[in-house]
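One structure is given below, encoded as structure tokens.
Computed from a predicted model, the values in this text were never measured in an experiment. Chain identifiers are assigned alphabetically (A, B, ...) following the order of the sequence lines, protein sequences preceding nucleic acid strands; residue numbering begins at 1 within each chain. All heavy atoms count here, side chains included; hydrogens, waters and symmetry mates do not.
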2 protein chains.
Amino acid sequence: MSAREVEYWFDVVCPYAYLGSTQIEAVAAAAGARVVWRPMLLGGVLNARGTPDPNAAMPAAKARHNALDMMRWAEVWSVPLRMPAEHPRRTVLAMRCVIAAGERARDAARALFAAYWAEGRDVSDASVVARALTDAGLDGDALVARAGEQATKDALRAATDEAIARGVFGAPTMFVGQEMYWGQDRLGFVASALAR
Amino acid sequence: MSAREVEYWFDVVCPYAYLGSTQIEAVAAAAGARVVWRPMLLGGVLNARGTPDPNAAMPAAKARHNALDMMRWAEVWSVPLRMPAEHPRRTVLAMRCVIAAGERARDAARALFAAYWAEGRDVSDASVVARALTDAGLDGDALVARAGEQATKDALRAATDEAIARGVFGAPTMFVGQEMYWGQDRLGFVASALAR
């Protein structure tokens with residue numbers, strides 16, 4: 001991969017990946033680079049790292065700070081964000097739809113991120129996913145159908161395995177060449193890497 | 001506290017607190033604010049939070065990323081930083097000296113941060129601490145002597161208890177009024193808070 005590309009690894013379940021998803025295209029464009037949207041299953045990554053719930057052992061004081069911190073990023077970037085009534089939702093269907101969207105993975109991702117993190121919708125529900133995708137100009141019903149195909153399931157599993165093999169441990173994770181960056185709060189480093 | 005001040009809570013044992021310590025004065029100055037240097041014992045804070053070693057359960061992939069990330073901050077800020085041969089060192093003596101330095105806490109902190117993180121010196125050794133402070137224009141021997149006084153010990157314990165009571169769970173931690181910010185990577189938020 002040339003440095004004219006940044007890989008953006010994400011799962012719509014992650015609010016930090018949502019926040020970063022609203023900025024990454026602008027960061028890349030400023031460097032004349034393009035974004036390669038890389039869906040993965042965050043749960044699979046976390047299980048592989050032995051941290052199925054990385055927040056499980058978090059002190060209450062840190063959890064309080066992190067909840068505030070998340071909203072500070074939303075505010076500084078003017079991004080609509082609210083913690084859904086239920087979280088985490090199962091996103092395996094949603095992420096399979098992103099895989100199925102192929103060249104339009106970005107549009108699918110944005111639609112599903114917005115459904116989850118701006119609109120508080122239940123993206124584990126196929127009809128919710130189909131509608132969100134259709135509203136974004138994609139063929140939601142067709143994507144949901146293709147999400148059920150074995151090839152799509154295998155592709156998401158292979159992508160997740162690739163993430164694990166390359167050292168991913170959370171989301172969002174960005175690669176510029178071999179260099180890995182974790183977190184929406186590291187976009188400045190990504191911008192510098194793309195400018196080199 | 002008026003918004004014309006930022007409290008900077010730190011322990012010289014923490015490389016992120018070191019990194020932030022090289023930037024906080026400039027951040028405050030840009031907003032016409034002043035820094036209140038607040039020594040604490042990080043070990044006491046972590047024990048109180050039930051996370052005596054917050055990195056204990058960290059996946060290897062995350063630890064590798066974090067080590068790289070630390071050096072990226074050092075590079076972007078042109079700060080000399082190398083992981084000492086031995087880490088963590090006991091910093092209770094060093095932090096008592098910062099307390100004893102009173103109005104010159106900043107100068108003491110900077111000298112001891114540099115000894116630990118730029119020069120790889122053993123700040124658990126009283127003669128090392130005394131020399132570092134003297135080299136920075138302080139009276140190192142007098143400060144080490146005062147570090148042994150009960151009033152100094154009590155003051156560091158009280159400061160640590162205050163940090164715990166106010167929700168601190170790591171270092172560096174900054175307060176602008178009641179708003180708490182954690183990490184050298186949140187100086188942008190601190191700058192915005194001071195500008196409001």
Side-chain angles (χ1 to χ4, degrees), chain A residues 9 16 42 45-78 163-193 195-196, chain B residues 9 16 42 45-78 162-176 178-193 195-196:
Chain A
W9 289 81
Y16 304 102
L42 183 59
V45 168
L46 296 176
N47 282 333
R49 298 291 173 224
T51 52
D53 179 0
N55 299 339
M58 185 180 289
K62 186 169 183 175
R64 275 193 298 276
H65 172 273
N66 285 5
L68 271 175
D69 183 69
M70 190 176 82
M71 298 312 296
R72 287 171 180 157
W73 286 101
E75 188 185 349
V76 78
W77 285 334
S78 301
I164 294 164
R166 291 172 68 186
V168 174
F169 56 86
T173 296
M174 293 145 286
F175 285 91
V176 177
Q178 302 301 314
E179 289 290 300
M180 187 177 93
Y181 303 87
W182 171 56
Q184 90 292 346
D185 50 2
R186 294 303 186 263
L187 285 170
F189 287 165
V190 170
S192 299
R196 273 196 290 269
Chain B
W9 288 82
Y16 304 103
L42 183 59
V45 168
L46 295 176
N47 281 334
R49 298 290 174 225
T51 53
D53 179 0
N55 299 339
M58 185 179 289
K62 186 170 184 175
R64 275 194 297 275
H65 172 273
N66 286 5
L68 271 175
D69 184 69
M70 190 176 83
M71 299 313 295
R72 287 172 180 157
W73 286 101
E75 189 185 348
V76 78
W77 286 334
S78 300
E162 180 186 340
I164 294 164
R166 291 172 68 187
V168 174
F169 57 86
T173 296
M174 293 146 285
F175 286 92
V176 177
Q178 302 301 314
E179 289 289 300
M180 187 176 95
Y181 303 86
W182 171 57
Q184 90 291 345
D185 50 2
R186 295 304 187 262
L187 285 170
F189 287 164
V190 169
S192 298
R196 274 196 289 268

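The two residues A/Ala61 and B/Gly167 make their nearest non-hydrogen contact at CB-O, 3.6 Å. Taking all atoms of both residues into account, the shortest heavy-atom contact from A/His65 to B/Phe169 is CB-CE2, 3.4 Å.
Looking at B/Arg186, the atoms closer than 4.5 Å to chain A (heavy atoms on both sides) all sit in the side chain, from C-beta outward. Looking at B/Ala57, only its backbone comes within 4.5 Å of chain A, counting heavy atoms on both sides.
Surrounding CD of B/Glu162 are more than 12 heavy atoms belonging to other residues, nucleotides or ligands, all under 6.0 Å away.
If you tally non-hydrogen atom pairs under 4.5 Å between each of B/Glu179, B/Met180, B/Arg72 and chain A, the highest count goes to B/Arg72.
The distance from atom CG of A/Asp69 to atom CH2 of B/Trp182, rounded to the nearest 0.5 Å, is 9.0 Å.
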